[in-house]
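Every chain is numbered from 1 and lettered A, B, ... according to where its sequence line falls, protein lines coming before strand lines. Only heavy atoms go into these numbers, but all of them, side chains included; no hydrogens, no water, no symmetry mates.
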2 protein chains.
Amino acid sequence: MSGSITSEEELIRTYLAPLARANEGAFGLRDDCAIFSPTPGTDLVISTDAIAAGVHFFPDDRPEDIAWKALAVNLSDLAASAATPRVYQMALSFPEAPAHAFMQRFASGLADAQSAFGIVLSGGDTDRRPGPMTVTITAIGDVPAGFRLTRDGARAGDALFVTGTLGDAACGLKLRRGDEDARNWPFEANERTDLIARYLRPQPRLDIAPLLRRVATAAMDLSDGLAKDLGRLAGACSAGAVIERARLPVSTAVRRLAGADSSIEQLVLSGGDDYELLFAAPREHEAEIRTWAATAGTNVTRIGWIAETPGLLLRTNDCDRPLVPAGWEHF
Amino acid sequence: MSGSITSEEELIRTYLAPLARANEGAFGLRDDCAIFSPTPGTDLVISTDAIAAGVHFFPDDRPEDIAWKALAVNLSDLAASAATPRVYQMALSFPEAPAHAFMQRFASGLADAQSAFGIVLSGGDTDRRPGPMTVTITAIGDVPAGFRLTRDGARAGDALFVTGTLGDAACGLKLRRGDEDARNWPFEANERTDLIARYLRPQPRLDIAPLLRRVATAAMDLSDGLAKDLGRLAGACSAGAVIERARLPVSTAVRRLAGADSSIEQLVLSGGDDYELLFAAPREHEAEIRTWAATAGTNVTRIGWIAETPGLLLRTNDCDRPLVPAGWEHF
């Protein structure tokens, strides 16, 4: 099909209803409400995030990637709660009726993400209105009844861990944007592609849920940069934190870059969009965490600890210096 | 406080967190996720609706009314599913940081609506981005497990009922907008105020849930006008419908107007925003419905029936004529 969507009904029937086909409670998106039957013995975990063109993604990003990101950033929040994804509601708004070609690719990105994350569309809302294209998703997952993993449960002495590597997405963003200073970065083509993919296609750390349920005292996802998000986690626990600089996990590409350009450290500490998990756990669980990481093939690195004194410190070989909680500001 | 909000954190802490205070699973809005513990033996009913300035409300509407409407239009969908409201997620976006005075009034409208509808905030998202102020709400309610009330369950012969009166909100919109033809409408000041309030402050019909659970075969709320929404309900049932013109319930004010201006009938048939409920029930339940309505002090009027032949007919004294499913088009 060529041209643009001509009605809300066509948009829903052609592109959105197939995403809800596996969900009996979505009623083929023909109703104003969806039904969800909770698994007995579970509590629901609910997260809402909106992404808008020109703010959270580039208007010329591939439609598949926009769709993936919209779902991934929500599921990253569920991952930090150690929840199992179930269903999501999506509100879509467009300034102009979208082209069929756009919607085909957008829906295909959502289908990929649904299948990667184990979640299915249940309902939503579509509208045409001025302003940037916006995708607002409310994702619902579940955890065993009574289980709570929030960002405020850590105690002084708990070790701090992060999954994956830090700063890749921030470097990817600079490459994607074509920033002046990034034009001469000494990357192979595949390294560039991988870093940009870290920015465009965040991977929510859903597989770590069973481990978190056993060992974590607090967790959150790193969307606004380590310094800012760690400040939030420590603040929520009325505590501080010490981070060991030498332990911060970075990819080979970013390590090489940091060797040549000292400003890269700032990206590792404060760059957003990594969507890795930061969690606290009593030190005695470190062996179990290492075993899980080795088995899962997932990097999990101990980067520091929760301290009684409020404030964040970055410890290097020769000194401690304050880690300023700078990062992405939504307002 | 004067001036504008200076950070997302201030917006959340000052104006939104108090709306979630009664909800333990909202964690004071300090976490990315909320927890909801479903009542055993219930299924969840989920609805999402967005309203945007200049599209669904006037930019200079009272902040209290904008807030009320954002929640009410969602809860009207839950009402049509005979659900009991529980919690809601809210994504707010502003082109500029809102003024404290605006947010105070917006939050106070939400507090009123929460208390009127029996629902509480659980979480959400706030962002500054170009485009009109937008409020996107996902509301969650519950019904007894296994209970389903959708728009597709009616059978030929079922009687059709509507709550309240039709066309008031459409007249209220014309008055609110100051339309040329509405300037000379012969209303008293209090009638004007009441009609405008029908547009600005929709009242979701939540109290009818127990009756609907006993008698209704299909239901939906009237947001886009009777003709269009009835077309959807009948279409979902692969059926048609006959509406008896003389039975259409209208307020005293609208009846008087319709006597003087024949174009008003179109507002009654196709005007949006009434947020009354349309439902089908086997004719044998009519007595029970009347009894409920009398006890509740709520108008419930039988307006026609579901017919085997697809299409909508408007029956007057002398003839049947096709009822064209015109109404609000979102795209």
So, the part of B/Ser93 with a heavy atom under 4.5 Å from chain A: the answer is neither
Whatever's closer than 4.5 Å to a heavy atom in chain A on B/Phe36 counts as both
request  = Would you check if the side chain of A/Asp49 reaches a backbone N or O of B/Asp125 as a donor-acceptor pair within less than 3.5 Å?
outcome  = no
Heavy-atom closest pair (B/Val55 atom, A/Arg128 atom, distance to 0.1 Å) is CG1-O, 4.3 Å
From the list B/Thr138, B/Thr136, B/Ile140, side chain to side chain contact (heavy atoms under 4.5 Å, CB included) with A/Thr138 holds only for B/Thr138
On a heavy-atom basis, the closest approach of B/Gln89 and A/Ser47 is NE2-C, 3.9 Å
If you tally heavy-atom pairs under 4.5 Å between each of B/Arg151, B/Met220, B/Arg30 and chain A, the highest tally belongs to B/Arg151
ask   = Any side-chain heavy atom of B/Ile46 within less than 4.5 Å of one from A/Cys33?
value = no
The complete set of salt bridge (charged side-chain N to carboxylate O under 4.0 Å, His left out) pairs with one or both residues in residues 135-148 of chain B, sequence neighbours excluded, reads B/Asp43-B/Arg148, B/Arg86-B/Asp142
Quiz item: Are any of the side-chain heavy atoms of B/Leu44 and A/Leu44 separated by less than 4.5 Å?
Solution: yes
Between the CG atom in B/Asp32 and the OG atom in A/Ser76, the distance rounded to the nearest 0.5 Å is 8.5 Å
So, the part of B/Phe147 with a heavy atom under 4.5 Å from chain A: the answer is backbone
Given A/Ala52, A/Pro132, A/Ala91, the one with more heavy-atom pairs under 4.5 angstrom with chain B than any other is A/Pro132
When rounded to the nearest 0.5 Å, the distance separating OG1 of B/Thr48 from CE of A/Met90 is 10.0 Å
If one checks every heavy atom of A/Ala34 against chain B at 4.5 Å, the contacting part turns out to be both
Most heavy-atom pairs under 4.5 Å with chain A, out of B/Leu78, B/Asp77, B/Asp221, belong to B/Asp77
Residue from B/Thr150, B/Asp152, B/Asn74, B/Leu233 scoring the most non-hydrogen pairs under 4.5 Å with chain A is B/Thr150
Pair count under 4.5 Å, heavy atoms only, with chain A: among B/Pro40, B/Gly123, B/Gly124, B/Ala236, highest is B/Gly124
So, the part of B/Ala50 with a heavy atom under 4.5 Å from chain A: the answer is both
